[in-house]
Amino acid sequence: MIDKTVKSAEDAVADIQDGVTLMMGGFGLSGIPENCIAALLKKQIRNLTIVSNNAGVDDFGIGLFLKQGMVKKMISSYVGENEEFERQLLQGELEVELIPQGTLAERIRAGGAGIPAFFTPAGVGTEVAEGKEIREFNGKLYLLEHALHADFALVKAWKGDTAGNLIFKGTARNFNPMMAAAGKITIAEVEELVPVGSLDPNLIHTPGIYIQRIFQGDRYEKRIEQRTVSV
Amino acid sequence: MIDKTVKSAEDAVADIQDGVTLMMGGFGLSGIPENCIAALLKKQIRNLTIVSNNAGVDDFGIGLFLKQGMVKKMISSYVGENEEFERQLLQGELEVELIPQGTLAERIRAGGAGIPAFFTPAGVGTEVAEGKEIREFNGKLYLLEHALHADFALVKAWKGDTAGNLIFKGTARNFNPMMAAAGKITIAEVEELVPVGSLDPNLIHTPGIYIQRIFQGDRYEKRIEQRTVSV
Amino acid sequence: MLTKEQIAKRIAQEVENGQYINLGIGIPTLVANYIPAHLEVVLQSENGLLGVGPFPKETEVDPDLINAGKQTITMLPDSAIFDSAQSFAMIRGGHVHLTILGAMEVSEKGDIANWKIPGKMVKGMGGAMDLVASAKNIIVAMQHCSKDGQSKLLPTCSLPLTGIRCVKKIVTDLAVLEIAPNGGFILKERAPQVSVAEIKSKTAGKLIVLGEVPEMQFN
Amino acid sequence: MLTKEQIAKRIAQEVENGQYINLGIGIPTLVANYIPAHLEVVLQSENGLLGVGPFPKETEVDPDLINAGKQTITMLPDSAIFDSAQSFAMIRGGHVHLTILGAMEVSEKGDIANWKIPGKMVKGMGGAMDLVASAKNIIVAMQHCSKDGQSKLLPTCSLPLTGIRCVKKIVTDLAVLEIAPNGGFILKERAPQVSVAEIKSKTAGKLIVLGEVPEMQFN
């Protein structure tokens, strides 16, 4: 069996350099690659282009990259939880490309699936459509949108085996499976790394073919943004 | 909870009439909706357009429809296991549209996913490209392919709950999940119908939103085309 | 004038049995509390869940289970989890029957603006553009006027659009209105004790009044 | 002249450690038997399986577990199952490193024809067009000549094409050949006891011979 295990987050991200494009899984703070983020923070690289649905919060997740000035450009759908982000954007320190969430998800999927472009209705008649080809199908207008790729994709799963097969948990799945397929090199961190044969082949969410490196992360904080409870 | 259960295959297909377009899951004879096929055979409807990767064999699966002259047109990627098929085709009794398997899968997925068209490299420079828009992305040529839809999709799963959530088994999954999403009305037959709460939400292959009717099939024959064993 | 809860309660009357529904953040989220118990519906959360259950008890909180507003939630027996591409395939493919969301402005053509105030707010559109471009039925929940008294029902939107010609119905603190096929807000119902004249004066876009306009009914 | 098994054996020498490989029906399927034991590779079956294991014992036969040739198979500890859209996403997205398939004809530009004989065979292309349009490395396994002695390595294909400019290497019963960037079959190796002259006489397309051509080596 192919073994894709690396020893640590530091080993996994060792060749990530200034100026690369990173995809990072997660929705809000749920399902983000905490250990890879910590390892990259230590590396102090700069000029990153980051594809992530959100930008973390001021003191957690991608927010920590922003604080250290590591990010040149964010490609996201919603970045509303982050004051430092807003400051950098208004000061012109940060480029931002805002993309409708479904278009973002589908562009990433297209990147992994070898589809260079597709038509989608989201954004027709809005500023998202500026400069894009518009075409009518069955009486409805659609925009042509292009695939997104990344030099590295950093994903977080619940369980993974040494061959890179992954299972996610709950809504922490979100963007992780599409990003796993769209990275030239995909690094998976998992809460539990298991031997091959431990996962039911029928129930795997992301097949190992998409994963180049895998390691078991530790001390997952899993911070909650909106702890909402019923009484 | 929404309950999508119908009593029998006969009830499930009761409103399927002459001239409709049907998607039918399965790869070869694996994962085909055996009970729906049997119920439709009894109805003796005609002029069907069938979207299915294969066309069954002479005496099983969609081959039985062909024998009874129920099919006007097949949309498939490979139909090589069926002599009656070849006879009808050469005699001009049957229309056939042959589509590369990956393009077929993606066109069906697009149908369910609201993507009207996408670019794919399969078939560039071949007769599949005739009449299609060709465009270059990053130095490579791609064809524009359109979504496929169906009036009814007939899918077969291993387990399903009364809300229509499905789990498939092994390679019997194949085209079933995409077809489930691409049918205006999707009928799921399952080997085991279970109450809601029996399936782990994290491990569901096809969410119930895509399913309009579900029933437990009986007497699955699961015929094998190429029984190949090691000694 | 209706409270937010009453707006939610009135919108809940639009829900039909068997529907799959996406609820936006704010008033739309409250709608879940008022869906009549005899209706079987499924709530979709676009971050990857069908079958959104109630908020968890303190002991049940799971950071791996949140809704699109990043709130902790629970699942139900018929729940299913999926990834973001599948979630928007569902939305884009028209499988979600009803979308309820808030708005800053709605035009008499059914255009909606709810994601950006130039130079002021740059949070992003999230899933709103996909939802309004794809849902079969879109109901907007909002205040009839802004805090400084400006009508939010306009001839054309002044803010950057989220989607065009997509809103079907609007429920405000003053009225229930439908978008006419050729444009205009058809006044369907008045809030209790609110006059047609008041609604007319607070609607900047074309208001269409057809005969007697009934008061909203709450059971 | 090589037997089918020897063609498969020679192709197996092209396999590299860590590769994901799709094997077509016929000779390509045999390649699996000759992959050196020290190499860790994963076989993909386009009907939805990574990690294709050996054929089952009689008692293990499962109708829900077949390969793209509809043969019953088994899984391995690292196997994963997926649907057809995911399978071709993998193929189209370039995640499969090596595709080995049969052909009726190959042209000196690397075009391949392997799916249709007009008026005679109408089985369909299956996944072949997707595979040849997307795989990074495509090796063709075939007989050098047809049964009636016609060369299958041609200046241009006469049969309907499966894909254009995609084949990288061809292993026949007579030779190993590579497609030159500007067209032509570069003769890399001869089968044991087969002369360059014989290969030349049986290759209708442009054959490029660069210096001494070694014999194939089998360990």
Side-chain angles (χ1 to χ4, degrees), chain A residues 27-31 53-55 76-82 85-86 89-90 96 98-106 108-110 120-128 140-142 158 168-178 205-206 220-231, chain C residues 45-49 53-75 79 81-92 111-113 115-116 118-134 160-166:
Chain A
F27 185 97
L29 301 178
S30 186
N53 188 57
N54 310 95
S76 304
S77 89
Y78 190 83
V79 291
E81 290 94 354
N82 196 310
F85 180 95
E86 217 153 345
L89 179 61
L90 294 172
V96 178
L98 292 170
I99 298 178
Q101 195 175 142
T103 300
L104 181 63
E106 191 68 12
I108 297 167
R109 182 203 176 256
T120 181
V124 168
T126 76
E127 63 181 57
V128 164
K140 185 169 173 172
L141 297 175
Y142 295 82
W158 180 39
F168 302 93
K169 179 162 161 279
T171 55
R173 192 184 319 179
N174 55 66
F175 282 82
N176 283 297
M178 293 90 76
H205 294 134
T206 287
Y220 281 101
E221 187 175 335
K222 294 195 186 183
R223 203 182 290 187
I224 292 170
E225 279 181 81
Q226 304 284 341
R227 176 180 289 267
T228 315
V229 297
S230 64
V231 281
Chain C
S45 190
E46 67 260 30
N47 56 318
L49 175 64
F55 296 125
K57 297 203 175 64
E58 188 63 56
T59 54
E60 297 169 339
V61 167
D62 179 353
D64 294 328
L65 215 50
I66 61 171
N67 66 16
K70 282 99 178 177
Q71 295 171 309
T72 44
I73 43 146
T74 57
M75 293 196 287
S79 287
I81 298 276
F82 35 86
D83 66 35
S84 300
Q86 176 75 276
S87 181
F88 283 91
M90 234 169 246
I91 290 167
R92 205 188 300 105
D111 301 344
I112 178 172
W115 76 281
K116 184 178 183 181
K120 213 170 146 193
M121 191 188 86
V122 286
K123 292 179 186 308
M125 67 290 281
M129 285 194 183
D130 307 273
L131 282 159
V132 301
S134 304
L161 294 175
T162 307
I164 55 171
R165 294 164 190 266
C166 53

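Order of the sequence lines fixes the chain letters, A, B, ..., with proteins taken first and strands second; residue numbering starts at 1 for each chain.
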**Item:** Shortest non-hydrogen separation from A/Leu98 to C/Trp115 and the atoms involved
**Value:** CD1-CZ3, 4.1 Å
**Asked** How about A/Tyr78 and C/Lys123: do any of their side-chain heavy atoms sit closer than 4.5 Å?
**Response** yes
**Atom pair CG (A/Asn174) and CD (C/Gln86), whose distance is rounded to the nearest 0.5 Å** = 14.0 Å
**Request:** May I ask you to say whether A/Lys169 pairs ionically with C/Asp62, meaning some side-chain N is under 4.0 Å from a carboxylate O?
**Result:** yes
**Item:** Under 3.5 Å donor-acceptor, A/Thr171 side chain and C/Gly48 backbone
**Value:** no
**Item:** Interchain contact, C/Asn67 with chain A, by part (heavy-atom threshold 4.5 Å)
**Value:** backbone
**Item:** Top of A/Ala172, A/Ala55, A/Ser77 for chain C proximity - count of heavy-atom pairs under 4.5 angstrom
**Value:** A/Ser77
**Asked** If you look at every heavy atom in A/Gly125 and C/Leu161, which pair is closest and at what distance?
**Response** O-CD1, 3.6 Å
**Asked** Can you name the closest pair of heavy atoms from A/Met178 and C/Ala85 and give their distance?
**Response** CE-N, 3.5 Å
**Message:** As an exercise, state the distance from CG of C/Asp64 to CH2 of A/Trp158, rounded to the nearest 0.5 Å.
**Reply:** 9.5 Å
**Prompt:** Heavy-atom distance under 4.5 Å to chain A: side chain of C/Pro54, backbone, both or neither?
**Reply:** neither
**Item:** Where C/Phe55 and A/Val229 come nearest, the two heavy atoms and their spacing
**Value:** CB-C, 3.8 Å
**Message:** Can you list everything that forms a ring pair (Phe, Tyr, Trp, His ring centres under 6.0 Å) with A/Phe85? Sequence neighbours excluded, please.
**Reply:** none
**Request:** Please look at C/Ser87 and chain A and tell me whether the side chain, the backbone, both or neither of the residue comes under 4.5 angstrom of a heavy atom of that chain.
**Result:** neither
**Interface moiety of C/Glu60 toward chain A, non-hydrogen atoms closer than 4.5 Å** = neither
**Message:** Nearest 0.5 angstrom please: A/Ile224 CD1 to C/Ile66 CD1, how far?
**Reply:** 9.0 Å
**Message:** Tell me whether C/Asp130 contacts the main-chain N or O of A/Thr103 through its side chain, where contact means a donor paired with an acceptor under 3.5 Å.
**Reply:** yes
**Message:** Can you tell me how far apart CD1 (C/Ile81) and NE2 (A/His205) are? Round to the nearest 0.5 Å.
**Reply:** 9.0 Å
**Asked** In terms of heavy-atom proximity below 4.5 Å to chain A, should C/Ala68 be classed as side chain, backbone, both, or neither?
**Response** both
**Residue among A/Ser76, A/Gly102, A/Gly31 with most heavy-atom pairs under 4.5 Å to chain C** = A/Gly102
**Message:** How long is the straight-line distance from CZ of A/Phe175 back to CG of C/Asp83, given to the nearest 0.5 Å?
**Reply:** 9.0 Å
**Message:** Please find the pair of heavy atoms, one from A/Pro100 and one from C/Met129, that lie closest to each other, and give the distance.
**Reply:** CG-SD, 3.8 Å
**Message:** Quick one: does any side-chain atom of A/Thr228 pair with a main-chain N or O of C/Gln71 as donor and acceptor, under 3.5 Å?
**Reply:** no
**Prompt:** Side chain, backbone, both or neither: which part of A/Asn54 has an atom under 4.5 Å from a heavy atom of chain C?
**Reply:** side chain
**Request:** Measure distances from A/Ile99 to the heavy atoms of chain C and classify the residue's part below 4.5 Å as side chain, backbone, both or neither.
**Result:** backbone
**Message:** Counting only heavy atoms from other residues, nucleotides and ligands, does the tally under 6.0 Å from NZ of A/Lys140 exceed 12?
**Reply:** yes
**Prompt:** Do you know which two heavy atoms are closest between A/Thr126 and C/Gly163, and how far apart they sit?
**Reply:** CG2-N, 3.9 Å
**Asked** Under the side-chain contact (heavy atoms from CB on, under 4.5 Å) test, which residues partner C/Ser79, sequence neighbours left out?
**Response** B/Pro201, C/Leu49, C/Met75, C/Leu76
**Asked** Do you know which of A/Glu127, A/Glu225, A/Gln101 has the most heavy-atom pairs under 4.5 Å to chain C?
**Response** A/Gln101
**Message:** Would the distance check show the side chain of C/Lys70 and the main-chain N or O of A/Arg227 forming a donor-acceptor pair, the cut-off being under 3.5 Å?
**Reply:** no
**Asked** In terms of heavy-atom proximity below 4.5 Å to chain A, should C/Leu65 be classed as side chain, backbone, both, or neither?
**Response** both
**Request:** Spell out, as yes or no, whether a donor-acceptor pair under 3.5 Å connects the side chain of C/Arg92 to the backbone of A/Pro121.
**Result:** no
